[in-house]
Amino acid sequence: MSCLQSWPEPIVRVQALSESGIRQIPDRFVKQPADRPCFKETTSHVDNIPLIDFEKLKSSDESIRDETMELISKACREWGFFQVVNHGVSHELMANTRGIWREFFHLPLEEKQKYANSPVTYEGYGSRLGVEKGGKLDWSDYFFLHYLPDPLRDEKKWPCLPITCRKIIAEYGQEVVKLCEKITKILSINLGLNEDYLHKKFGGDNERGACLRVNFYPKCPQPDLTLGLSSHSDPGGMTLLLPDTDVAGLQVRHGDDWITVKPVPNAFIVNIGDQIQVLSNAIYKSVEHRVIVNSAKERVSLAFFYNPGGDLLIKPADELVTEDRPALYLPTTFNEYRAFIRTKGPSGKSQVDSLKSPT
């Protein structure tokens with residue numbers, strides 16, 4: 001949570017800028033040359049993140065189940081990202097949720113402004129994530145809201161338009177939380193831990209956190225100069241992204257390359273966050289990623305963050321600490337870590353390195 005009660009400068013709505021017909025983006029959005037997107041072909045021999053079919057986990061053939069578990073483990077160790085299909089969330093609900101948020105962002109500005117946020121909690125309609133005065137800005141607007149724990153959930157802060165918005169948001173959150181529970185169980189088993197290990201370390205049913213950031217990336221007249229979201233790793237536990245299937249935008253760091261993720265229809269993109277990297281003692285990787293924009297199409301994506309309770313101490317699992325592999329990270333709470341990251345700002349690499357134990 002930020003100690004600032006208001007933004008350091010007047011807020012500029014990126015969608016309004018885009019729709020004004022400008023041909024050049026303001027200097028505040030122009031990234032330093034080293035931080036600008038590169039649209040050339042990569043040297044990597046892979047062209048997408050791993051794809052996992054959860055239906056195979058139900059196979060009567062044990063070898064197929066084992067192979068699928070190993071594919072998930074390898075994706076977490078080598079990529080920090082994978083796409084998942086046949087995950088159990090209704091395709092209709094996914095499409096309706098994405099659609100209702102697209103409708104929200106196309107409401108009149110005065111309607112959206114009713115939910116304008118502040119840096120105190122970031123909850124509501126926003127257009128910047130940092131509080132540094134004069135800092136570079138990303139080419140995006142967003143809406144941020146809380147699902148869990150229950151004391152943080154306030155549906156009155158959710159959009160009341162379109163009419164079915166709050167109902168669909170609630171249903172979507174309920175189903176995605178179930179999927180997060182399923183995935184953390186798989187991750188725990190693959191680490192050789194009890195299947196409920198991550199669930200308990202996140203705080204169980206009463207203390208775990210879950211929140212949603214809906215990202216709106218308007219058309220950009222100079223997409224080669226800016227980013228929709230600057231390079232970062234996710235500070236929380238795990239993220240489930242519902243991407244825009246019409247246009248790619250997410251890029252994942254893999255070695256020296258940026259891989260542009262090609263969304264598979266009706267898939268979620270799963271990525272490991274900093275807290276699971278710590279709990280796994282860096283067996284699983286929280287990987288740097290960013291978002292590019294384009295001049296022809298807008299994008300809407302939904303990032304669902306599944307996190308440990310803010311006051312719980314997070315440290316490498318005792319079972320994963322050995323003489324040959326000592327604890328790589330200092331114990332800290334998620335709230336302390338978030339406060340540090342917000343003060344420090346994006347580092348351009350995986351932020352969890354800041355927690356490393358002195359050697």
Side-chain angles (χ1 to χ4, degrees), residues 1-19 26-29 100-101 103-162 165-166 169-170 173 209-218 226-230 232 234-236 239 273 291 300-311 333-347 351:
M1 183 177 293
S2 171
C3 60
L4 285 182
Q5 299 297 309
S6 59
W7 299 108
E9 297 144 326
I11 290 295
V12 176
R13 300 302 181 193
V14 180
Q15 185 179 4
L17 268 180
S18 173
E19 293 175 354
D27 288 343
R28 291 289 305 280
F29 294 92
I100 210 78
W101 278 110
E103 287 183 48
F104 170 80
F105 282 104
H106 283 286
L107 290 172
L109 181 58
E110 56 268 24
E111 180 63 35
K112 293 179 287 191
Q113 283 292 114
K114 294 176 183 177
Y115 302 95
N117 70 352
S118 78
V120 176
T121 66
Y122 280 84
E123 196 167 9
Y125 174 53
S127 298
R128 65 182 294 168
L129 295 171
V131 294
E132 177 190 358
K133 189 172 183 178
K136 292 293 184 181
L137 301 176
D138 290 334
W139 193 263
S140 59
D141 297 326
Y142 65 88
F143 198 103
F144 180 81
L145 57 87
H146 289 286
Y147 279 106
L148 296 172
D150 287 336
L152 283 181
R153 179 183 176 124
D154 185 354
E155 296 190 14
K156 294 191 297 295
K157 295 181 179 179
W158 301 1
C160 62
L161 291 177
C165 194
R166 289 179 180 174
I169 293 171
C211 49
L212 176 72
R213 190 178 71 226
V214 184
N215 305 298
F216 184 81
Y217 304 104
T226 191
L227 289 167
L229 196 57
S230 295
H232 66 288
D234 286 356
T239 305
V291 175
V300 175
S301 68
L302 285 68
F304 191 90
F305 303 108
Y306 192 64
N307 301 323
D311 296 324
T333 68
F334 182 38
N335 279 345
E336 290 168 343
Y337 181 65
R338 277 190 296 192
F340 173 76
I341 292 300
R342 285 179 178 172
T343 301
K344 182 171 175 285
S347 63
Q351 300 163 139

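Numbers for residues simply follow the sequence, beginning at 1.
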How far does [atom1] of [X] sit from [atom2] of [Y], to the nearest 0.5 angstrom?
X	Y	atom1	atom2	value
Leu212	Ile169	CG	CD1	7.5 Å
His146	Phe305	NE2	CZ	11.5 Å
Tyr122	Cys211	OH	SG	13.0 Å
His106	Trp101	NE2	CH2	14.0 Å
Arg153	Asp150	CZ	CG	7.0 Å
Phe144	Asn117	CZ	CG	9.5 Å

Over all heavy atoms of both residues, which pair between [X] and [Y] is shortest? Give the atoms and the distance, please.
X	Y	result
Phe334	Gly309	CB-O, 4.1 Å
Cys160	Tyr115	N-OH, 3.0 Å
Thr333	Gly310	CB-O, 3.4 Å
Ala210	Phe304	CB-CZ, 3.7 Å
Ser140	Val14	O-CG2, 3.5 Å

Run the side-chain contact (heavy atoms from CB on, under 4.5 Å) test against [X] and tell me which residues pass, sequence neighbours left out.
X	value
Thr226	Ile25, Phe29, Lys31, Trp139, Cys220, Val293
Arg28	Glu9, Arg128, Leu137
Lys114	Glu111
Ala16	Arg13

Inset, instruction - Using ring pair (Phe, Tyr, Trp, His ring centres under 6.0 Å) as the criterion, list what pairs up with Phe105, not counting sequence neighbours. - result: Phe216
Legend entry - Set of residues satisfying ring pair (Phe, Tyr, Trp, His ring centres under 6.0 Å) with respect to Tyr142, sequence neighbours excluded: none
Inset, instruction - Please examine the side chains of Cys165 and Trp158, heavy atoms only from C-beta on, and report whether any two atoms are closer than 4.5 Å. - result: no
Inset, instruction - Ignoring hydrogens and angles, state whether a donor on the side chain of Ser230 or Asp138 is under 3.5 Å from an acceptor on the partner side chain. - result: yes
Legend entry - Criterion side-chain contact (heavy atoms from CB on, under 4.5 Å) on Leu161 and Leu107, from CA distance to verdict: CA-CA 8 Å; Leu161 291 177; Leu107 290 172; 4.0 Å; yes
Legend entry - Crowding at CG, Asp154 (>12 non-hydrogen neighbours, <6.0 Å): yes
Inset, instruction - Check whether any side-chain N or O of Tyr125 sits under 3.5 Å from a backbone N or O of Asp141 as a donor-acceptor pair, and report yes or no. - result: no
